[in-house]
K.L.:
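I have a structure I would like to understand better, so I am pasting it below and will then ask my questions one at a time.
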Amino acid sequence: QLQLVESGGGLVQPGGSLRLSCAASGFTLDFYAVGWVRQAPGKQREGVSCISSSGGSTKYAESVKGRFTISRDNPKKMVHLQMNSLKPEDTAVYYCAAGPYSGNCQDGMSYWGKGTLVTVSS
């Protein structure tokens, strides 16, 4: 079965950190770029960050630049999103997706996970 599974979400105070992970099964993640996409209640989906299949290129939304870092471990079929200096406006369901390396980190993605909830609140 082809799937992506996210983990690492939870409740964190403003200024705190979380590390999200995305694990692939049933397909070779190495061939795909991977993006992290988030959707907050009542808001449009937003591409947060993405990484090319080799890991050599990365992109970040302006809202997270300097705070979030994406990385991948192809032998382990894992992609991570380190999130530091979290703000209440980062609260959202975070999805990982695999597909082509696109400008907004979400167009044309072939595989999607079910998401993990990140809540930033005091």
Side-chain angles (χ1 to χ4, degrees):
Q1 185 177 1
L2 309 177
Q3 61 177 357
L4 294 170
V5 179
E6 304 91 342
S7 61
L11 174 64
V12 63
Q13 291 187 342
S17 297
L18 282 175
R19 187 189 192 217
L20 304 184
S21 295
C22 174
S25 62
F27 67 102
T28 304
L29 192 62
D30 316 30
F31 297 156
Y32 298 92
V34 176
W36 285 96
V37 179
R38 69 185 180 186
Q39 187 160 27
K43 294 189 177 181
Q44 283 192 330
R45 199 170 59 180
E46 176 189 22
V48 173
S49 179
C50 48
I51 187 166
S52 62
S53 56
S54 68
S57 297
T58 57
K59 294 181 183 179
Y60 297 93
E62 285 297 323
S63 57
V64 306
K65 274 184 181 177
R67 300 188 297 121
F68 290 10
T69 303
I70 192 170
S71 61
R72 67 188 298 160
D73 184 341
N74 280 346
K76 293 185 178 179
K77 297 184 178 182
M78 299 281 291
V79 174
H80 306 286
L81 185 69
Q82 179 66 43
M83 306 187 296
N84 298 329
S85 302
L86 283 161
K87 305 174 181 180
E89 51 264 42
D90 294 318
T91 295
V93 177
Y94 284 71
Y95 302 89
C96 71
Y101 189 59
S102 67
N104 66 2
C105 295
Q106 56 179 311
D107 284 350
M109 291 303 194
S110 302
Y111 305 105
W112 289 82
K114 293 183 178 180
T116 185
L117 177 63
V118 172
T119 303
V120 185
S121 175
S122 54

K.L.:
Find out whether L4 and L29 are in side-chain contact, i.e. whether some heavy atom of one side chain is under 4.5 Å from a heavy atom of the other.
P.N.:
yes
K.L.:
Suppose we screen for side chain to side chain contact (heavy atoms under 4.5 Å, CB included). Which residues come up paired with S85, at least two apart in sequence or across chains?
P.N.:
R67
K.L.:
Find out whether E6 and L20 are in side-chain contact, i.e. whether some heavy atom of one side chain is under 4.5 Å from a heavy atom of the other.
P.N.:
no
K.L.:
Please find the pair of heavy atoms, one from S102 and one from D107, that lie closest to each other, and give the distance.
P.N.:
OG-N, 3.5 Å
K.L.:
Strictly by salt bridge (Lys or Arg N to Asp or Glu O under 4.0 Å), give each pair with a member in residues 40-51 just once, sequence neighbours left out.
P.N.:
R38-E46
K.L.:
First locate atom CZ of R72, then atom OG of S54, and finally report the distance between them rounded to the nearest 0.5 Å.
P.N.:
8.0 Å
K.L.:
To check you understand the geometry: which heavy-atom pair defines the closest contact between S49 and L81, and what is its length?
P.N.:
CB-CD1, 4.2 Å
K.L.:
Is there a chain of hydrophobic side chains (I, L, V, M, F, W, Y, each step under 4.5 Å between heavy atoms) that links I51 to V37?
P.N.:
no
K.L.:
Are side-chain heavy atoms of D90 and M83 found at a separation under 4.5 Å?
P.N.:
no
K.L.:
Following the transitive rule for hydrophobic clusters with a side-chain heavy-atom cut-off under 4.5 Å over Ile, Leu, Val, Met, Phe, Trp and Tyr, establish whether W112 and F31 coincide in one cluster.
P.N.:
no
K.L.:
Sequence neighbours left out, what passes side-chain hydrogen bond (donor to acceptor under 3.5 Å, both in side chains) with T116? Give chain and number order.
P.N.:
none
K.L.:
Looking at G47 and Q106, what are the two nearest heavy atoms and their distance?
P.N.:
N-NE2, 3.4 Å
K.L.:
Does Y111 form a side chain to side chain contact (heavy atoms under 4.5 Å, CB included) with Y32? I'd like the steps, not just the answer.
P.N.:
CA-CA 10 Å; Y111 305 105; Y32 298 92; 3.7 Å; yes
K.L.:
Locate the shortest heavy-atom distance separating C50 from G35; write the atom from each residue and the value.
P.N.:
CB-CA, 3.7 Å
K.L.:
If hydrophobic clusters are built by linking Ile, Leu, Val, Met, Phe, Trp and Tyr wherever their side-chain heavy atoms come under 4.5 Å apart, do V5 and L2 end up in the same one?
P.N.:
no
K.L.:
Minimum heavy-atom separation for K59 and C105, please, with both atom names.
P.N.:
CB-SG, 4.0 Å
K.L.:
Cut-off 3.5 Å, no hydrogens considered: what does the side-chain donor-acceptor table look like for residues 7-17, sequence neighbours left out?
P.N.:
unit_1: S17; atom_1: OG; unit_2: N84; atom_2: OD1; d: 2.9

K.L.:
Between V34 and Y60, is there shared hydrophobic-cluster membership here, with clusters defined by ILVMFWY side-chain heavy atoms closer than 4.5 Å?
P.N.:
yes
K.L.:
Would a single hydrophobic cluster contain both M109 and I70, if residues Ile, Leu, Val, Met, Phe, Trp and Tyr are joined by side-chain heavy-atom contacts under 4.5 Å?
P.N.:
no
K.L.:
So, the side chain of Q82 versus the backbone of R19: is there a donor-acceptor pair under 3.5 Å, distance only?
P.N.:
no
K.L.:
List in chain and number order the residues that pass side chain to side chain contact (heavy atoms under 4.5 Å, CB included) with K114, two or more places apart in sequence or in another chain; answer none if no residue qualifies.
P.N.:
none
K.L.:
Tell me, which pairs form a ring-ring contact (aromatic ring centres under 6.0 Å, His included) where one or both residues lie in residues 74-101, sequence neighbours left out?
P.N.:
none
K.L.:
Can you give me the closest heavy-atom contact between W36 and C22, atom names plus distance?
P.N.:
CZ2-CB, 3.6 Å
